[in-house]
Amino acid sequence: IDLSATIGNETFHHPFVNAAGVCDETAPEMQSVLDSAAGGLTTKSATLAPRAGNPKPRYFDTDLGSINSMGLPNQGLAYYLDFIAHTETDKPIDLSVTGTKPADQVAALQQIQASNFTGLCELNLSCPNVVGKPQIGYDLDATRAILDQVCAFYEKPLGVKLPPYFDLQQYDAMAAILNQYPLTYINAINSVGNGLVIDPNTETVVIKPKGGFGGIGGQYIKPVALANVRAFRQRLRPEIKIIGTGGVTTGTDAFELILCGADIVELGTVVMQEGVSAFARITHELETLMQEKGYQTLADFRGHLKTQS
Ligand code: FMN
């Protein structure tokens, strides 16, 4: 069985990568992903300057997933560029980048353009957890404005991480914008923003920032992730690849995302809860399922979701 996939010039020998923000803030964490059965590494979304993030507790596990309001704790863009420059690996490393205002995001991409980095870069337009800052991906004009600015100078392979959308009209409008730019890929979805998890015993929210509101990940969000990948695959130019993220805890979940059109699949909450051993388990589960169904490659079923007539 061949589990490989390509995005831009990068070949992923296995289709599973960590989702940005999970096991990827420090060099030892990133190395542990590269040393696992993961097919590649995504870095924590880097900002120009290091950030401490929001006060703790800022992440909480539940039976069905997680809530977080990390507030972009990261070591700063230079740290991640340096890690990549000094790491020998045949696995693709995707540099996630963001900023708390659009001008900072543009400045970060200017630094990456000027650097020796040649890999995939993922512009995070969807962080729900910076106090007082709405998600760019929910503002069509702001999305167009930043892509206009960035695409005027950025010449390396670029992807965008999107928030979840919930209305078919939103997919139409966002896809129409994205189709106008030379994007290598989109990544759908970031966490479902501003959910609330409550402890009924103490009658209290479980995380401290933003009065308890935070991004939801894990099993809760799989149907939303499937819908976003499917809806964008139906609307985007075929050259724009899709990284499917959200709610994957088993090989079957990953199979479903690929049926919807995902090229590769990212694992977030499941890696928070289980550690990097999740990559080997889920890879094995996908392989077993493909064997049962007689599929040799991911392309044999990618995008082949059936509808009822
Ligand atoms: N997404 C980003 O694009 N950038 C981040 O820095 C980022 N940080 C995250 C930190 C934590 C602790 C978690 C749980 C998620 C974070 N995310 C971030 C969102 C994940 O990359 C992913 O899109 C989301 O959790 C859904 O996947 P899941 O259901 O597998 O958790």
Side-chain angles (χ1 to χ4, degrees), residues 16-26 29-30 33 38 40-47 50-51 53-54 56-62 64-77 80 94-100 105 108 120-130 133 135-137 159-164 185-195 197 206-207 209 214-229 242-250 253-254 256-257 262 264-276 278-279 282:
F16 298 107
V17 177
N18 66 301
V22 174
C23 205
D24 59 0
E25 188 190 338
T26 65
E29 289 175 311
M30 292 188 283
V33 172
L41 166 71
T42 312
T43 71
K44 174 66 187 175
S45 289
T47 49
R51 285 173 58 89
N54 292 337
K56 297 176 180 172
R58 57 193 185 183
Y59 176 87
F60 188 87
D61 283 316
T62 73
L64 292 175
S66 66
I67 184 168
N68 87 85
S69 181
M70 304 299 287
L72 292 172
N74 77 93
Q75 307 285 322
L77 177 59
Y80 299 99
D94 193 336
L95 176 58
S96 174
V97 65
T98 193
T100 58
Q105 303 202 353
L120 301 173
C121 179
E122 178 167 297
L123 177 59
N124 177 3
L125 297 179
S126 48
C127 184
N129 302 324
V130 180
K133 304 287 178 186
Q135 299 179 56
I136 293 179
V160 289
K161 179 90 172 266
L162 298 174
Y185 75 92
I186 66 154
N187 185 338
I189 57 176
N190 210 313
S191 41
V192 172
N194 296 301
V197 173
V206 298
I207 57 172
I216 305 295
Q219 292 178 59
Y220 298 111
I221 73 168
K222 186 178 81 170
V224 180
L226 292 173
N228 274 260
V229 169
I242 299 184
I243 298 180
T245 306
V248 175
T249 61
T250 67
D253 296 332
E256 292 176 9
L257 268 177
I264 63 168
V265 171
E266 289 187 350
L267 308 180
T269 299
V270 71
V271 172
M272 292 292 288
Q273 298 183 341
E274 193 175 320
V276 294
F279 290 108
I282 294 172

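Treat the numbers as computed from the prediction; the structure is a model and nothing was measured. The figures that follow rest on heavy atoms only: side chains count, while hydrogens, waters and symmetry mates do not. Every number for a ligand or one of its atoms is a count from 1 in the order of the listing.
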Engineer: Counting each atom of ligand 1 from 1 as listed, which ones have a heavy atom of Met70 under 4.0 Å away?
Structural biologist: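 Close to Met70: 10 (C), 12 (C).
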Engineer: Checking the N or O distance criterion of under 3.5 Å, is ligand 1 in contact with Glu266?
Structural biologist: no
Engineer: Find the distance between CD1 (Ile189) and CD1 (Ile243) and round it off to the nearest 0.5 Å.
Structural biologist: 14.0 Å
Engineer: Mind checking whether Thr245 has an N or O less than 3.5 Å away from an N or O of ligand 1?
Structural biologist: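 Thr245 vs ligand 1: no N/O contact under 3.5 Å.
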Engineer: What atoms of ligand 1 come within less than 4.0 Å of a heavy atom belonging to Gly217?
Structural biologist: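 What qualifies from ligand 1 is 29 (O), 31 (O).
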Engineer: Heavy-atom distance to atom 26 (C) of ligand 1: which of Asn18, Thr249, Ile221 wins?
Structural biologist: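 The residue whose heavy atom sits nearest atom 26 (C) of ligand 1 is Ile221.
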Engineer: When rounded to the nearest 0.5 angstrom, what is the spacing between CD1 in Ile221 and OG1 in Thr269?
Structural biologist: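 These two atoms lie 6.5 Å from each other.
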Engineer: Which heavy atom in Asn18 sits nearest to a heavy atom in Glu266, and how many Å separate them?
Structural biologist: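 Heavy atoms of Asn18 and Glu266 come nearest at O-CD, 3.7 Å.
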Engineer: Only one of Asn228, Asn187, Thr42 clears side chain to side chain donor-acceptor pair (under 3.5 Å) with Thr245; which?
Structural biologist: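 Going through the options one by one, the only one that passes is Asn187.
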Engineer: Does Asn124 reach ligand 1 with a nitrogen or oxygen that is under 3.5 Å from one of the ligand's nitrogen or oxygen atoms?
Structural biologist: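 The answer is yes, given that Asn124 and ligand 1 share an N or O pair closer than 3.5 Å.
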Engineer: Of all heavy-atom pairs between Gln135 and Gly193, which one has the smallest distance, and what is that distance?
Structural biologist: NE2-CA, 4.4 Å
Engineer: Would you check the N or O atoms of Val248, main chain and side chain alike, for any that come under 3.5 Å of an N or O of ligand 1?
Structural biologist: no
Engineer: Hey, is ligand 1 close enough to Ser45 that some N/O pair sits below 3.5 Å?
Structural biologist: yes
Engineer: In terms of residue, atom name and distance, what is the protein heavy atom nearest to atom 10 (C) of ligand 1?
Structural biologist: Gly21 O, 3.4 Å
Engineer: Looking only at distance, does Val22 have an N or O less than 3.5 Å from an N or O of ligand 1?
Structural biologist: no
Engineer: For Asn68, is the nearest heavy atom under 4.0 Å from an atom of ligand 1?
Structural biologist: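 The answer is yes: ligand 1 sits under 4.0 Å from a heavy atom of Asn68.
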Engineer: Is it true that Lys222 and Asp253 have a side-chain N and a carboxylate O under 4.0 angstrom from each other?
Structural biologist: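 Yes, charged N to carboxylate O under 4.0 Å.
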Engineer: Can you name the one residue among Lys44, Glu25, Arg51 that meets side chain to side chain donor-acceptor pair (under 3.5 Å) with Gln75?
Structural biologist: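 Looking at Lys44, Glu25, Arg51, the match for Gln75 under the side chain to side chain donor-acceptor pair (under 3.5 Å) is Glu25.
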Engineer: Starting from atom 1 (N) of ligand 1, locate the nearest protein heavy atom and write down its residue, its atom name and how far away it is, to 0.1 Å.
Structural biologist: Lys161 NZ, 3.1 Å
Engineer: Kindly give the heavy-atom pair with the smallest separation between Gln105 and Leu123, and that separation in Å.
Structural biologist: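 Closest heavy-atom pair between Gln105 and Leu123: OE1-CD1, 3.3 Å.
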Engineer: I want to confirm something. Looking only at heavy atoms, which of Ala19, Ala20, Gly268, Ser191 is nearest to atom 16 (C) of ligand 1?
Structural biologist: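 Looking at heavy atoms only, Ala20 sits closest to atom 16 (C) of ligand 1.
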Engineer: Using every non-hydrogen atom in the two residues, find where Ser96 and Ser45 come nearest and quote the distance to one decimal.
Structural biologist: OG-OG, 2.6 Å
Engineer: Pull out every atom of ligand 1 sitting under 4.0 Å from any heavy atom of Tyr59, numbered as shown with elements.
Structural biologist: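 This gives 12 (C), 14 (C) as the contact atoms.
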Engineer: Where is the tightest heavy-atom contact between Asn68 and Ile207, given as atom of each residue plus distance?
Structural biologist: C-CD1, 4.0 Å
Engineer: Of the protein's non-hydrogen atoms, which lies at the shortest distance from atom 19 (C) of ligand 1, and what is that distance?
Structural biologist: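 Checking every protein heavy atom, the shortest distance to atom 19 (C) of ligand 1 gives Asn190 OD1, 3.2 Å.
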Engineer: Which part of Lys44 is near ligand 1, with near meaning a heavy atom under 4.0 Å away: side chain, backbone, both or neither?
Structural biologist: side chain
Engineer: Looking at Gly247, which atoms of ligand 1 are within less than 4.0 Å of one of its heavy atoms?
Structural biologist: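 In order of numbering, the contacting atoms are 28 (P), 29 (O), 30 (O).
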Engineer: Look at ligand 1 and say whether Ile189 reaches it with a heavy atom at a distance under 4.0 Å.
Structural biologist: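 Contact present.
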Engineer: Hey, which atoms in ligand 1 end up nearer than 4.0 Å to a heavy atom of Thr269?
Structural biologist: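 Contacts of ligand 1 toward Thr269, numbered from 1: 28 (P), 30 (O), 31 (O).
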Engineer: Does a donor on one side chain and an acceptor on the other come within less than 3.5 Å for Asn54 and Tyr59?
Structural biologist: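 No, no side-chain donor-acceptor contact under 3.5 Å.
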Engineer: At their closest point, which heavy atom of Asn190 faces which heavy atom of Ser126, and how far apart are they?
Structural biologist: ND2-OG, 2.9 Å
